[in-house]
Amino acid sequence: MRVEGDQGKIARDLLAHYDVHARRLPWRAPPGANAADPYRVWLSEIMLQQTTVAAVAPYFARFTARWPDVMALAAAEDAEVMAAWAGLGYYARARNLLACARAVASGHGGAFPDTEEGLRALPGVGAYTAAAVAAIAFGRRAVVVDANVERVVARLFAIATPLPAARAEIRAAADTITPEARAGDFAQAMMDLGATICTPRGPACGICPLRGDCAAFRTADPAAFPVKAPKKAKPHRLGHAWWMERADGHVWLVRRPDKGMLGGMRALPTSDWGAAPDPAPPVAAGWETLPDPVMHVFTHFSLALTVHHAHVDGDPPGEGEWWPIDRIAEAGLPTLFRRAAEAVMKERRDARH
DNA sequence: GATGCGTGGCG
DNA sequence: TCGCCAAGCAT
């Protein structure tokens with residue numbers, strides 16, 4: 001049972017502000033248009049998981065131009081989709097994206113389920129995404145809680161319990177302010193507010209449409225909410241990568257296993273990360289080593305990747321493919337290996353001059 | 001509940 | 001410079 005009364009004011013205040021200040025985003029239906037296309041809503045929500053609007057925008061444009069509907073995406077080759085996703089990160093999303101598209105295409109006749117429960121059963125669709133698609137694409141009342149909503153709600157109600165333990169409390173509070181009508185607009189309005197006004201640091205309370213409803217605004221430090229548990233330090237790891245180049249201008253690329261770091265992506269052959277300091281190269285050759293390792297920070301560790309390069313003749317052992325170096329940009333390498341490739345090519349340019 | 005999983009921008 | 005953070009999900 002939701003509490004009526006004062007909480008209804010929050011949705012009214014926020015939606016009035018949203019009607020004037022909503023961000024125009026490629027996956028949003030323009031004001032007054034028909035409901036948003038579920039395919040585009042779903043695709044954008046997957047891409048936006050832990051990813052900023054600015055980073056997603058060009059990927060969304062390329063995906064929708066190339067695969068305009070779920071049937072087209074379902075028919076795509078795995079390698080094409082993985083390469084198109086390269087650089088966006090969290091590559092399990094791309095594998096689940098394809099699995100989801102194929103499930104919708106084969107199991108639902110190409111139509112997305114229109115309920116939270118139905119959506120939640122799809123690969124890569126969790127509690128947040130199911131609620132967001134149900135609300136935004138299908139107009140259902142759903143309690144949509146992402147990191148923006150967590151922050152806004154924690155401030156509105158001055159919730160002092162640290163995250164992540166506060167999740168249930170925050171969701172219950174979000175439930176009390178979610179309206180029956182326009183739940184999709186309400187969700188997007190909350191996320192707009194969190195992205196542009198109720199920001200993690202330096203919130204712009206002076207222009208916030210909800211400051212009159214906000215318990216944190218009445219404290220000395222609204223930005224102190226939400227309270228967060230301290231994070232663990234990232235360990236540092238060491239790794240080695242091998243650039244094997246054939247005389248005809250091709251480099252040897254492998255495909256990483258589906259599970260684990262950069263799963264399913266094309267890559268240079270590497271050692272285990274954090275393994276022996278001097279692992280054996282894949283083949284005997286005249287190896288040279290770049291003077292500086294490629295430094296890269298992942299979610300839970302940082303990596304110094306030492307890059308070795310050599311010219312080789314025959315195929316290295318194991319699965320792989322020879323890729324034309326002048327088309328390396330089309331290989332869909334994740335950022336770590338894109339940087340390693342750039343470092344090798346820069347070294348070769350410098351060596352010639 | 002905790003952990004593994006990318007990347008780029010920001011103050 | 002560097003830690004924080006982002007429209008989370010799977011296990």
Side-chain angles (χ1 to χ4, degrees), chain A residues 23 25-28 36 40-60 82 85-97 99-100 119-137 142 144-152 162-168 171 174 184 186-196 198-203 223 226 228-237 256-265 267 273 295-303 332-339:
Chain A
R23 290 183 292 174
L25 300 173
W27 42 88
R28 281 187 185 168
R40 293 167 65 89
V41 172
W42 161 76
L43 177 62
S44 70
E45 291 300 344
I46 301 298
M47 287 184 165
L48 286 161
Q49 289 166 7
Q50 298 288 284
T51 310
T52 57
V53 165
V56 164
Y59 285 85
F60 182 81
M82 298 308 289
W85 196 275
L88 200 53
Y90 284 137
Y91 298 100
R93 291 185 296 172
R95 301 193 298 275
N96 286 328
L97 186 83
C100 181
L119 290 159
R120 181 69 182 80
L122 294 168
V125 177
Y128 161 77
T129 303
V133 175
I136 297 168
V144 181
V145 183
D146 75 324
N148 287 301
V149 176
E150 282 184 353
R151 183 172 58 257
V152 172
L163 285 170
R167 290 263 153 78
R171 192 189 186 287
F186 177 78
Q188 294 178 92
M190 290 284 278
M191 293 188 279
D192 276 15
L193 189 75
T196 63
C198 194
T199 52
R201 287 176 291 186
K228 297 201 173 184
K231 311 203 161 175
K232 296 204 295 195
K234 285 180 203 233
H236 299 283
R237 295 189 190 171
R256 295 179 61 82
D258 277 340
K259 291 188 185 292
M261 288 294 299
L262 310 175
M265 300 300 287
W273 299 342
M295 309 300 292
H296 197 74
V297 181
F298 295 105
T299 304
H300 55 294
F301 65 92
S302 59
L303 177 70
L333 295 177
T335 298
L336 170 67
F337 295 110
R338 181 174 58 75
R339 289 191 180 145

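Numbered from 1 within each chain, the chains take letters A, B, ... in sequence-line order.
Atom name C1', nucleotides C/dA7 and B/dA2: the rounded distance is 23 Å, in whole Å.
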Atom pairs, protein N/O to nucleotides 3-5 of chain B N/O, distance under 3.5 Å:
| unit_1 | atom_1 | unit_2 | atom_2 | d |
| --- | --- | --- | --- | --- |
| B/dT3 | OP1 | A/Lys232 | NZ | 2.9 |
| B/dC5 | OP1 | A/Met261 | N | 3.4 |
| B/dC5 | OP2 | A/His300 | NE2 | 2.5 |

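Side-chain nitrogen and oxygen atoms of A/Lys234 include none within less than 4.0 Å of the OP1 or OP2 phosphate oxygen of C/dC2. The phosphate of B/dG8 (OP1 or OP2) has a side-chain N or O of A/Arg339 nearer than 4.0 angstrom. Phosphate proximity of B/dG8 to A/Arg338: present, with a side-chain N or O under 4.0 Å from OP1 or OP2. Taking side-chain N and O atoms only, A/Arg151 has a distance below 4.0 Å to OP1 or OP2 of C/dA6. An OP1 or OP2 oxygen of B/dT7 is reached within less than 4.0 angstrom by a side-chain nitrogen or oxygen of A/His296. An OP1 or OP2 oxygen of B/dT7 is reached within less than 4.0 angstrom by a side-chain nitrogen or oxygen of A/Thr335. The phosphate of B/dG6 (OP1 or OP2) has no side-chain N or O of A/Arg256 nearer than 4.0 angstrom.
Each of A/Asn96 and A/Trp27 was matched to the nucleotide of DNA chain C holding its nearest heavy atom; the match closer to the 5' end belongs to A/Trp27.
Using the six-membered ring where Trp is involved, A/Trp273 and A/Phe337 have ring planes that are tilted, between 30° and 60° apart.
Donor-acceptor pairing under 3.5 Å, judged by distance alone, is present between the side chain of A/Arg23 and the base of C/dA7.
Looking at residues 49-58 of chain A, you'll see A/Gln49, A/Gln50 sit with a heavy atom under 4.0 Å from some atom of DNA chain C.
Side chain of A/Arg201, nearest nucleotide from B/dG6, C/dC4, C/dA7: C/dC4.
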